[in-house]
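None of the values given here were measured: they were computed from a predicted structure.
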Amino acid sequence: MATLFDSLVLVGLPSAVSSSVAARPTSAKLPQCIGLRLRPTVARFVAASAPKVASHTMRVVREAQDTVVDVAPITDANWQSLVLESDSAVLVEFWAPWCGPCRMIHPIIDELATQYAGKLKCYKLNTDESPSTATRYGIRSIPTVMIFKNGEKKDTVIGAVPKSTLTTSIEKFV
């Protein structure tokens, strides 16, 4: 997507810029982006305040990267050790790549993993790749979120629900 916007045409420049520059469109190179990470290229803008804005944006992106907690995938093979034998509460999202509502709830699960870091472990189980665990817990509809504590299933939430619904369920067990 960054290749679509490699350059930006600036037409209405501030009056502080000389009239000869303002009379013709000027092209400015935008920073190259991959996901949330900015490559170390310097943005060249004509306006004097633009570099300050660009450096502020890069700083905000870097801060966001530091706070993201990665929700690890889980499989039939490591289910026992990561969920049932865990010392803390565990949230597991049962999902599949073809499921639209599952894609809608992924960012919410990521936010919850960040919010409850240290109190709650969060995992995602792909039901297409690990069908035996999904069958063992009677998963008939996805997304399904289950909360485990001391190796026992404590709560189940079915469907793409708001963050507040999941937070209410989590608060009972952390």
Side-chain angles (χ1 to χ4, degrees), residues 1-7 30-41 43 54 56-174:
M1 185 165 166
T3 58
L4 294 175
F5 303 105
D6 282 337
S7 64
L30 294 177
Q32 295 176 342
C33 299
I34 298 177
L36 289 178
R37 296 195 173 120
L38 292 174
R39 289 186 184 170
T41 59
H56 175 69
T57 304
M58 287 185 228
R59 186 177 70 244
V60 170
V61 170
R62 270 190 246 113
E63 289 172 1
Q65 288 175 345
D66 294 341
T67 59
V68 173
V69 175
D70 189 32
V71 178
I74 193 166
T75 63
D76 290 340
N78 57 9
W79 176 266
Q80 180 75 27
S81 62
L82 293 177
V83 177
L84 300 181
E85 296 173 0
S86 176
D87 295 334
S88 64
V90 179
L91 180 143
V92 180
E93 176 198 1
F94 293 85
W95 71 286
W98 47 263
C99 170
C102 297
R103 289 192 302 264
M104 289 171 43
I105 203 170
H106 279 326
I108 296 171
I109 301 297
D110 294 339
E111 288 175 24
L112 291 171
T114 302
Q115 182 178 341
Y116 290 98
K119 300 178 190 174
L120 178 75
K121 295 179 183 176
C122 295
Y123 298 107
K124 295 180 180 182
L125 183 130
N126 184 336
T127 56
D128 290 343
E129 294 175 356
S130 302
S132 66
T133 301
T135 302
R136 183 179 333 140
Y137 288 95
I139 304 299
R140 294 187 182 156
S141 182
I142 53 174
T144 294
V145 175
M146 287 189 177
I147 300 173
F148 293 83
K149 189 162 186 178
N150 299 325
E152 297 177 12
K153 180 177 77 167
K154 297 293 185 182
D155 201 2
T156 303
V157 179
I158 300 172
V161 296
K163 183 179 177 180
S164 59
T165 304
L166 293 172
T167 303
T168 303
S169 293
I170 292 169
E171 287 294 330
K172 298 178 204 173
F173 305 106
V174 291

Legend entry - Close side-chain approach of F94 and V145, heavy atoms under 4.5 Å: no

Inset, instruction - Could you note down all residue pairs passing side chain to side chain donor-acceptor pair (under 3.5 Å) where residues 87-97 supplies at least one of them, sequence neighbours left out? - result: E93-H106

Inset, instruction - Taking the side chain as every heavy atom from C-beta outward, state whether L166 and L112 have any pair of such atoms under 4.5 Å apart. - result: yes

Legend entry - Contact check, side chains of Y137 and W79, non-hydrogen atoms, under 4.5 Å: yes

Inset, instruction - Assess the side chains of E111 and Y116: does a donor N or O sit below 3.5 Å from an acceptor N or O? - result: no

Legend entry - Gap between atom CG of L91 and atom CZ of F173 - 0.5 Å precision: 11.0 Å

Legend entry - Main-chain N/O of D110 paired with T114 side-chain donor or acceptor, under 3.5 Å: yes

Legend entry - Between CD1 on residue I139 and OG1 on residue T144, distance to nearest 0.5 Å: 4.5 Å

Inset, instruction - Please determine, by modelled atom types, if N78 and S81 share a side-chain donor-acceptor pair under 3.5 angstrom. - result: no

Inset, instruction - Answer yes or no: is there a side-chain heavy-atom contact under 4.5 Å between T167 and S169? - result: no

Legend entry - Distance, nearest 0.5 Å, that separates CZ of R140 from OG1 of T127: 14.5 Å

Legend entry - Validation row: D155, K172 side chains within 4.5 angstrom (heavy atoms): yes

Legend entry - CD1-CD1 distance between I105 and I142, expressed to the nearest 0.5 angstrom: 11.5 Å

